[in-house]
Protein chains: 2
Amino acid sequence: MSKTKQNLERSKSAEKSRAILKGAMEEFLKHGYAGSSMDKVAKASGVSKATVYSHFGDKESLFNAVIHDLAQDRLKASIDVQQSQFSGQSPREVLSAIATKMITNATQDSVVQDFMRIIIGESGRFPELAKAYVNNLAKPVIETSTQYLKDHPELEIKDPEATVRIMIGSLVYFIVLQEMMHGKDIMPLESDRLINTLVNLIIKDQDC
Amino acid sequence: MSKTKQNLERSKSAEKSRAILKGAMEEFLKHGYAGSSMDKVAKASGVSKATVYSHFGDKESLFNAVIHDLAQDRLKASIDVQQSQFSGQSPREVLSAIATKMITNATQDSVVQDFMRIIIGESGRFPELAKAYVNNLAKPVIETSTQYLKDHPELEIKDPEATVRIMIGSLVYFIVLQEMMHGKDIMPLESDRLINTLVNLIIKDQDC
DNA sequence: GTCTATACATCGATAGAC
DNA sequence: GTCTATCGATGTATAGAC
């Protein structure tokens with residue numbers, strides 16, 4: 001077999017792998033792990049069931065690959081807390097912008113919500129996947145935000161990491177309760193009220 | 001059939017219902033909805049599968065009954081925020097006590113964690129169950145705590161409800177990240193640091 | 001490598017004896 | 001009311017042709 005033909009075959013196979021990963025992602029995000037079947041994954045991917053098994057071994061391995069792919073690529077942008085794009089603004093503006101961006105992203109992107117549902121729901125049966133989420137998504141956000149607070153000693157924040165956990169926790173819980181658990185139908189709350197109160201708590205006024 | 005015999009039959013039937021509910025609860029909390037089978041539920045309950053169906057109709061109805069039972073009875077105590085038991089203490093002590101109790105309960109009781117996993121994980125496919133959780137568990141806690149802050153105007157809290165959401169959110173996220181998602185192995189944090197920072201944010205010092 | 005066809009277990013749900 | 005036995009559908013996974 002010629003070298004070009006080898007590469008062609010290899011890229012075709014890689015294409016199938018991506019197609020399977022994409023189909024499996026849709027299926028798992030929609031129906032959960034136990035609620036998904038390899039038959040439907042094969043159909044959604046446009047390949048036969050045997051091809052799915054030849055590429056990913058078994059259902060658990062495929063689920064692992066899907067979640068890791070989501071945690072490493074697809075969702076990195078959603079939680080991207082780049083200080084660079086906020087440079088030149090006051091801490092108050094920066095914190096407000098980060099909070100607004102988090103809530104907007106999670107509210108508009110159904111993949112974010114489905115991913116959080118599955119990663120929390122399966123965290124008991126798939127602890128390694130939960131840890132991958134913590135390492136790849138939660139930890140970077142917390143550490144980057146903590147460093148930002150440490151870089152601004154004029155804010156006089158005694159415990160930056162605990163403060164960041166309070167901020168992130170408030171925002172995540174807002175998304176979980178209002179959007180994912182459909183709480184906005186029952187006890188609505190404007191996100192601006194939460195964000196303003198949060199920023200006012202963290203950044204104390206000078207005149208008091 | 002005599003009246004006493006009727007009552008005996010009725011109570012026997014009610015006993016079976018409770019046994020089924022208990023067995024189904026174990027099964028659903030451990031394996032999730034799709035991961036549970038009616039065969040295993042029957043085995044765990046000590047009755048035949050046909051009896052399970054004659055009492056609860058189908059799998060979905062049984063799941064509904066289990067979740068509602070958990071949300072209405074089993075978990076009410078875990079989130080019981082009774083001001084009465086905190087009377088006579090300062091607001092600072094009361095808030096610390098509430099936060100400590102929430103974290104302690106959720107950390108020690110695996111049923112609380114499994115319930116949160118399943119109610120969040122299935123909130124997309126069972127929105128009514130998520131709403132039942134909001135109405136029966138989240139809403140009462142938020143409203144009671146909000147009323148407490150309103151009853152203490154000397155704290156000068158501009159937006160009591162938003163403030164409560166921040167507090168509850170911080171605590172729930174701490175439990176989710178550290179315990180349920182196994183984050184304590186990766187990025188440990190003493191709960192006291194979170195609680196102290198939280199209370200200091202909400203209750204401003206007089207001397208500033 | 002990828003397909004069709006199939007093996008074998010388990011699923012939700014029910015019929016019929018008692 | 002509760003059981004055993006069983007139905008048809010669907011589950012994961014694989015064998016064998018190409």
Side-chain angles (χ1 to χ4, degrees), chain A residues 1-28 30-67 118 122 125-126, chain B residues 1-28 30-67 118 122 125-126:
Chain A
M1 192 182 276
S2 71
K3 218 165 191 179
T4 52
K5 206 164 184 184
Q6 258 187 34
N7 289 338
L8 198 69
E9 292 304 312
R10 189 151 40 205
S11 67
K12 265 192 184 175
S13 184
E15 260 181 51
K16 295 237 172 192
S17 269
R18 275 194 299 273
I20 294 168
L21 222 47
K22 183 166 175 277
M25 199 172 288
E26 293 171 12
E27 184 70 12
F28 282 133
K30 198 168 191 175
H31 302 106
Y33 175 75
S36 296
S37 74
M38 296 297 261
D39 283 87
K40 287 187 212 153
V41 167
K43 240 154 224 156
S45 310
V47 300
S48 75
K49 194 163 55 168
T51 302
V52 176
Y53 275 96
S54 82
H55 276 251
F56 291 94
D58 60 11
K59 190 184 177 184
E60 267 199 37
S61 301
L62 177 58
F63 185 57
N64 264 277
V66 166
I67 298 297
I118 208 168
E122 300 293 348
R125 290 174 289 274
F126 294 90
Chain B
M1 192 183 280
S2 73
K3 217 164 191 181
T4 52
K5 206 164 183 183
Q6 258 187 32
N7 289 339
L8 199 67
E9 292 302 315
R10 188 149 42 204
S11 68
K12 266 192 183 175
S13 183
E15 262 181 50
K16 294 236 171 192
S17 268
R18 274 193 299 273
I20 294 168
L21 222 47
K22 183 165 174 278
M25 198 170 291
E26 293 172 13
E27 183 70 12
F28 282 132
K30 199 168 191 177
H31 302 106
Y33 176 75
S36 297
S37 73
M38 296 298 262
D39 282 87
K40 286 187 212 150
V41 167
K43 239 154 226 155
S45 309
V47 301
S48 74
K49 191 162 59 165
T51 303
V52 176
Y53 276 96
S54 81
H55 276 251
F56 291 95
D58 59 11
K59 190 184 177 185
E60 267 199 38
S61 300
L62 177 58
F63 185 58
N64 263 277
V66 166
I67 297 297
I118 207 168
E122 300 293 348
R125 289 172 292 273
F126 293 90

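First the proteins, then the strands, lettered A, B, ... as listed; each starts at 1.
In this entry the distance linking NZ of B:K43 with C1' of C:dT10 reads 11 Å, nearest Å. Summarising the geometry, the separation between NZ on A:K40 and C1' on D:dG11 is reported as 10 Å, rounded to the nearest angstrom. With rounding to whole Å, A:F56 atom CZ is found 14 Å from C:dG1 atom P. Residue B:I20 contributes atom CD1, which lies 9 Å from atom P of D:dC3 at whole-angstrom precision.
Axis angle, first five pairs versus last five pairs of the helix from C:dG1-D:dC18 to C:dC18-D:dG1: 10°, rounded to 10°.
Residue pairs meeting the salt bridge (Lys or Arg N to Asp or Glu O under 4.0 Å) criterion with at least one member in residues 30-49 of chain A, sequence neighbours excluded, are A:D39-A:K49. Counting only residues at least two apart or on different chains, the side-chain hydrogen bond (donor to acceptor under 3.5 Å, both in side chains) pairs with a member in residues 55-67 of chain A are A:S17-A:H55, A:D58-A:S61.
For the OP1/OP2 pair of D:dG1 and a distance below 4.0 Å, the side-chain nitrogens and oxygens of B:T51 include no atom meeting the criterion.
Evaluation of the ring-ring contact (aromatic ring centres under 6.0 Å, His included) rule for A:F63 yields A:F28, A:Y33, A:F126 as partners, not counting sequence neighbours. Here B:R125 pairs with B:E122 under the side chain to side chain contact (heavy atoms under 4.5 Å, CB included) rule; sequence neighbours left out.
A:S45 and A:I20 get closest at one heavy-atom pair: OG-CA, 3.4 Å. Nearest approach of B:I118 to B:G32, heavy atoms of both residues: CD1-CA, 3.8 Å. A pairwise comparison of heavy atoms in A:E27 and A:S36 identifies O-OG, 3.1 Å as the closest pair.
Interatomic distance, CE of B:M25 versus CD1 of B:I67, reported as 8.0 Å (0.5 Å rounding).
The side chain of A:V47 has C:dC3 as its nearest neighbour among C:dC3, D:dT2, C:dT2.
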Protein-nucleotides 12-15 of chain D N/O pairs under 3.5 Å:
unit_1 : atom_1 : unit_2 : atom_2 : d
D:dT12 : OP1    : A:S36  : O      : 3.2
D:dT12 : OP1    : A:K59  : NZ     : 3.0
D:dT12 : OP2    : A:M38  : N      : 2.8
D:dT12 : O4     : A:K49  : NZ     : 3.4
D:dA13 : OP2    : A:Y53  : OH     : 3.2
D:dA13 : OP2    : A:K59  : N      : 3.1
D:dA13 : N6     : A:K49  : NZ     : 2.6

